[in-house]
Every structure is written in structure tokens, then in C-alpha cells.
Asks: 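My structure is below; once you've seen it, I'll send some questions.
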Amino acid sequence: MLSIKNLHVKLEEEDKQILKGVDLEVEAGKVHAIMGPNGSGKSTLSYVLSGKDGYEVTDGSATLLGVDILDMEPEERAAAGLFLAFQYPVEIPGVGNMTFLRTAVNAQRKARGEPEISAADFLKEVRAKAKDLKIDAEMLKRPVNMGFSGGEKKRNEILQMAMLEPKMCILDETDSGLDVDAMKLVADGVNALRTEGRGFLVITHYQRLLNHIEPDVVHIMADGRIIKTGGPELALEVENNGYAGIMSEVA
């Protein structure tokens, strides 16, 4: 599904190397989690995969379903099936949630050579998926993320994910700033989208999210590399003992 090999990345402005040889394979139908201390390169990895400006790939590759994505524009990566849920979802004043969602869905359909979804079919689908995700219908009528709580913003992103039906979903610290109830609602939404044909890369600091979104594989990242990989028990080890022991193991 997602294959990353020997990925090296630096910040363009500072000429500072952030990723120093990341190797990662996320299979279809699997959930991989990445944990690590601040500054380890976790969010940089998500930004580079999604095509954010300001980063230069100096070596290595990243492919989605066998297709190189690093030379694609962000919208091309999205059309190819990549979705990034941000740590801090942006507000878009003056743009209605429904308009935004339908425009995004039809842009992707057009990029894939598919016909646009009709207004009636879109309305039926978005209402059904919002109900499944316990999203109030009133949220759909408001401008994108304007006046939304942290939990509402994250649930709105999960709704976007559900409507766009990506192949590869990257969640960058999606639990940041959420209370327990909001985090459980977001996790339930993610779990509802787990299928054999979809992969997930969940970036988080905390085991608490992984109590609700149980990963198949856990990776520990430090100093721009993945230093250890294991099962869900690895996240529990970090929760109980921190990163020091793992980092000294591989030093």
C-alpha cells in the first residue's frame, strides 16, 4: 500500500536534516502507529507525504500502490488516494461545509475520470455518513470548522475521510487537545472506516488513543529514523517506561 524507503528530508529554509533514512511499509487493511519524542520527525513525515511546502527530499522514495507520490502536487496525491488528518484543522470562513465537501468529492472524481455526484445523491450520502459518525446535521450547514470545538473539527475531518474514501489515511496527532469523550467518538469514526483495502498511519504521543484505535504494528521514531518496531505491546511499554529505555537499547 504505502512504501517508504530510505527517506531523507531537510527543511529548505534552515538546511536542516529532519528525516535521516525512514523505512516503512504499511499494508492494505492494516493500522500502523508511529510514536516518538518531540522533534523525532513524526509530523515532518506526514507533511512530506502529503506534499506540504518547505521540505526537500534529498534521498529515498515513497510510493502509494506502486506509484511514486513525491513528485506529485498535493491534489494529485489526494486523487491517488492519500488523506491527511491535521493536528490542527484549519478554519475556512465563508465556505459552507456541504459546499466544501461536495467540491472536494467531485474534484477527486474528475481526477479519476468519473462523473460528478449529483446534488441529491451527495446529500443522501453525506447525511447518512454524518449520522453514522454522530455528527449533528447543523454542523453541515456551518462554514468549515468555524466556531467548532476541537472534537467537532476532528469529527469533521473523519467525515471528510468517509466521503473521500481514500486508500491511505494518515492521522497526525488527531487526539491532540481532545477530551476522552471526543477522542472516543473520533476513534469510533476511524474504526468504522477500517477495511481490507485501506491502510492507516496513526501518529500519536499517547497510548490512550491506541486503546480505542488498536494498531497492528507500532513503530518508535527518534532522531529522524524508526528505531524499533513491534506489536501493540510496544506502545504500552512506552506508556509505562517512556522512550529512554528503547533509545538506549538501540544506541
Side-chain angles (χ1 to χ4, degrees), residues 1-5 7 22-36 40-52 62-67 69 74 77-89 104 108 129 132-135 151 153-176 178 182-221 226 228-236 238-239:
M1 175 66 73
L2 177 66
S3 178
I4 302 168
K5 295 181 179 177
L7 187 62
V22 175
D23 291 292
L24 180 66
E25 299 278 342
V26 181
E27 309 86 353
K30 300 295 185 182
V31 174
H32 286 236
I34 294 183
M35 305 178 73
S40 59
K42 304 184 303 297
S43 289
T44 294
L45 178 61
S46 70
Y47 296 155
V48 170
L49 292 174
S50 64
K52 186 176 180 179
T63 59
L64 179 63
L65 296 169
V67 179
I69 60 172
R77 301 181 196 204
L82 188 72
F83 181 93
L84 172 64
F86 292 99
Q87 184 175 356
Y88 302 109
Q108 290 209 4
K129 289 187 173 176
D132 289 342
L133 294 169
K134 299 180 182 177
I135 289 174
K153 287 180 178 180
K154 300 298 175 72
R155 274 185 282 156
N156 201 36
E157 278 202 316
I158 302 304
L159 176 60
Q160 292 167 22
M161 190 190 304
M163 290 299 298
L164 292 170
E165 298 184 335
K167 296 294 185 184
M168 183 70 222
C169 307
I170 303 171
L171 279 61
D172 181 23
E173 298 190 28
T174 199
D175 53 332
S176 178
L178 298 186
M183 183 176 60
K184 180 140 188 343
L185 281 171
V186 169
D188 287 346
V190 170
N191 287 329
L193 296 174
R194 291 175 76 159
T195 68
E196 288 301 314
R198 181 173 293 133
F200 283 87
L201 185 60
V202 179
I203 296 169
T204 183
H205 276 294
Y206 304 110
Q207 164 64 31
R208 63 176 192 164
L209 179 64
L210 303 182
N211 288 333
H212 302 293
I213 305 173
E214 186 172 340
D216 298 289
V217 183
V218 175
H219 308 277
I220 305 301
M221 196 169 191
I226 290 173
K228 189 170 183 178
T229 294
E233 70 281 353
L234 185 53
L236 288 170
V238 167
E239 182 77 4

Asks: Got Met1 and Leu65 here, is their nearest side-chain heavy-atom distance under 4.5 Å?
Replies: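 They are in side-chain contact.
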Asks: I want to check something: taking the side chain as every heavy atom from C-beta on, are Met35 and Val218 in contact at a cut-off of under 4.5 Å?
Replies: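 When only atoms from C-beta onward are counted, Val218 and Met35 do touch, with a gap below 4.5 Å.
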Asks: Can you tell if the side chain of Leu2 reaches within under 4.5 Å of the side chain of Leu49, non-hydrogen atoms only?
Replies: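 Side chain of Leu2 against side chain of Leu49, heavy atoms only: contact under 4.5 Å found.
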Asks: Side chain of Arg77, backbone of Leu82: donor and acceptor closer than 3.5 Å?
Replies: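 Checking the backbone N and O of Leu82 against the side chain of Arg77, no donor-acceptor pair under 3.5 Å is found.
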Asks: In sequence, state the C-alpha distance, the side-chain angles, and the governing distance for Leu171 and Met161, and then conclude on side chain to side chain contact (heavy atoms under 4.5 Å, CB included).
Replies: CA-CA 11 Å; Leu171 279 61; Met161 190 190 304; 3.8 Å; yes
Asks: Of all the heavy-atom pairs spanning Glu27 and His32, show the shortest one and how long it is.
Replies: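 Looking at all heavy atoms of both residues, the shortest contact is OE1-NE2, 2.8 Å.
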Asks: Is there a salt bridge (charged side-chain N to carboxylate O under 4.0 Å, His left out) between Glu165 and Lys129? Walk through the geometry before answering.
Replies: CA-CA 12 Å; Glu165 298 184 335; Lys129 289 187 173 176; 3.3 Å; yes
Asks: Examine distances only and state if a side-chain atom of Arg198 and a backbone atom of Cys169 form a donor-acceptor pair shorter than 3.5 Å.
Replies: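 No, because the side chain of Arg198 does not come within donor-acceptor range (under 3.5 Å) of the backbone of Cys169.
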Asks: Give the minimum heavy-atom separation between Val26 and Gly199, together with the two atoms involved.
Replies: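 Shortest heavy-atom separation between Val26 and Gly199 comes out as CG1-CA, 4.5 Å.
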Asks: Counting distance only, does the side-chain N/O of Asn191 pair as donor-acceptor with the main-chain N or O of His212 below 3.5 Å?
Replies: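 Present.
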Asks: Rounded to the nearest 0.5 Å, how far apart are NZ of Lys228 and CG of Leu234?
Replies: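 Here the interatomic distance stands at 6.0 Å.
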Asks: Measuring from atom CG of Leu64 to atom CD1 of Ile4, what distance do you get when rounded to the nearest 0.5 angstrom?
Replies: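 Here the interatomic distance stands at 10.0 Å.
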Asks: Of all the heavy-atom pairs spanning Phe83 and Glu157, show the shortest one and how long it is.
Replies: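 Scanning both residues completely, I find the closest heavy atoms to be CZ-O, 3.5 Å.
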Asks: Run the numbers on Asp23 and Ile226 for side chain to side chain contact (heavy atoms under 4.5 Å, CB included), then give the verdict.
Replies: CA-CA 7 Å; Asp23 291 292; Ile226 290 173; over 6 Å; no
Asks: How would you list, by chain and number, every residue that makes a side-chain contact (heavy atoms from CB on, under 4.5 Å) with Glu214, sequence neighbours excluded?
Replies: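 So Glu214 forms a side-chain contact (heavy atoms from CB on, under 4.5 Å) with Pro232.
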Asks: If every non-hydrogen atom of Gly29 is compared with every non-hydrogen atom of Asp216, which pair is closest and at what distance?
Replies: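 What the structure gives for the nearest pair is O-OD2, 4.2 Å.
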Asks: Do Glu173 and Thr204 have side-chain heavy atoms sitting under 4.5 Å apart?
Replies: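 Result no, sub-4.5 Å side-chain heavy-atom pair not found.
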Asks: Could you tell me whether the side chain of Lys42 and the main chain of Ile34 form a donor-acceptor pair under 3.5 Å?
Replies: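 Between the backbone of Ile34 and the side chain of Lys42 there is no qualifying donor-acceptor contact (under 3.5 Å).
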Asks: Inspect the surroundings of CD in Glu233 and state if more than 12 heavy atoms from other residues, nucleotides or ligands are less than 6.0 Å away.
Replies: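 Yes, the 6.0 Å shell around CD holds more than 12 heavy atoms from other groups.
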Asks: Kindly give the heavy-atom pair with the smallest separation between Gly51 and Pro74, and that separation in Å.
Replies: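 Scanning both residues, the minimum pair turns out to be O-CG, 3.5 Å.
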Asks: Any side-chain heavy atom of Leu7 within less than 4.5 Å of one from Leu45?
Replies: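 With C-beta onward as the side chain, the pair touches.
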Asks: Are Leu201 and Leu24 side-chain neighbours, meaning at least one heavy-atom pair lies under 4.5 Å?
Replies: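 They are in side-chain contact.
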Asks: Just verifying a value: how many Å separate Leu159 CG and Lys154 NZ, rounded to the nearest 0.5 Å?
Replies: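 Output value for this atom pair is 15.5 Å.
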Asks: Locate the shortest heavy-atom distance separating Ser50 from Leu84; write the atom from each residue and the value.
Replies: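 Scanning both residues completely, I find the closest heavy atoms to be OG-CD2, 3.4 Å.
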